[in-house]
Amino acid sequence: MNENLFASFITPTLMGLPIVVLIIAFPSILFPTTSRLVSNRLVAIQQWVVKLIMKQMMTMHSTKGRTWALMLTSLIIFIGSTNLLGLLPHSFTPTTQLSMNLGMAIPLWAGAVILGFRHKPKSSLAHFLPQGTPIPLIPMLIIIETISLFIQPMALAVRLTANITAGHLLMHLIGGATLVLSSISTPTAMLTFIILVLLTVLEFAVALIQAYVFTLLVSLYLHDNS
């Protein structure tokens, strides 16, 4: 229990050099590709899940928006696999770092906004001023809409960081409590262990849901600007 509560969120190093790049690249090894006409079950399940998710996200997009399909597919696979790998013992989760999540959110958000101003300038500018706004409220509404536009990538990054970090901290605390209670009260330790198992199952679901929510919100930003 003397271990630092936030030790698992420190970027790991090897011989003084950060190895976060290797950790980020590792999930891509877990998704095999095949050139065979008939693929194995793992590849078939992977392709079925990707097609199902993209069918839900891409149906509302225009032709320009559907050109982002490959990027959105890669995004949800990367975030989901990274979150799941972070649930393994003594592992590091890159998505608990706000800087990394901002590095994903800001370019995607900026790309969607620039696409909107390039192809639909009138519609994009109309978002800053709803129709029928009273004249005295126009300056205030423009400021509010501008702030809400620029806060979108921050909300994306903070939501993902907060949810993944909170789950990891809660699992760490309950796991430590279970270890301490095992030498004090066995029934209580068993109860906290059951809670830990249920929380772990919940975190598996949260890891996948957060990947889906992050990608879905990027897709909605793209839809509003394409």
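- Remark: side-chain polar atoms of Trp109 are not paired, donor with acceptor, to backbone N or O of Phe150 under 3.5 angstrom.
- Between Leu196 and Gly175, the closest heavy-atom pair is CD2-CA, 4.0 Å.
- The minimum heavy-atom distance between Gly86 and Thr93, with the atom names listed, is CA-OG1, 3.0 Å.
- With hydrogens and angles ignored, the 3.5 Å screen pairs a side-chain donor or acceptor of His168 with a backbone N or O of Ile164.
- Proximity of a side-chain donor or acceptor of Thr192 to a complementary backbone N or O of Ala189 within less than 3.5 Å is detected.
- Although no hydrogens or angles enter the test, the distance criterion places a donor-acceptor pair under 3.5 Å between the side chain of Ser148 and the main chain of Glu145.
- Counting only distance, with no hydrogens or angles, the side chain of Thr215 and the backbone of Ala211 share a donor-acceptor pair below 3.5 Å.
- Remark: of the listed residues Leu170, Leu160, Thr96, Thr96 is the sole one forming a side chain to side chain contact (heavy atoms under 4.5 Å, CB included) with Thr165.
- The two residues Pro94 and Met100 make their nearest non-hydrogen contact at CB-SD, 3.2 Å.
- The nearest pair of heavy atoms linking Trp68 to Leu108 is CH2-O, 3.8 Å.
- Between the side chain of Ser81 and the backbone N or O of Phe78 there is at least one donor-acceptor pair closer than 3.5 Å.
- For the residue pair Ile79 and Phe214, the shortest heavy atom distance occurs at CD1-CD2, 3.5 Å.
- Within 6.0 Å of atom CZ in Phe117, more than 12 heavy atoms from other residues, nucleotides or ligands are found, so the atom counts as buried in its surroundings.
- Gln210 is not listed as a side-chain neighbour of Thr95, based on a closest heavy-atom distance of 4.5 Å or more.
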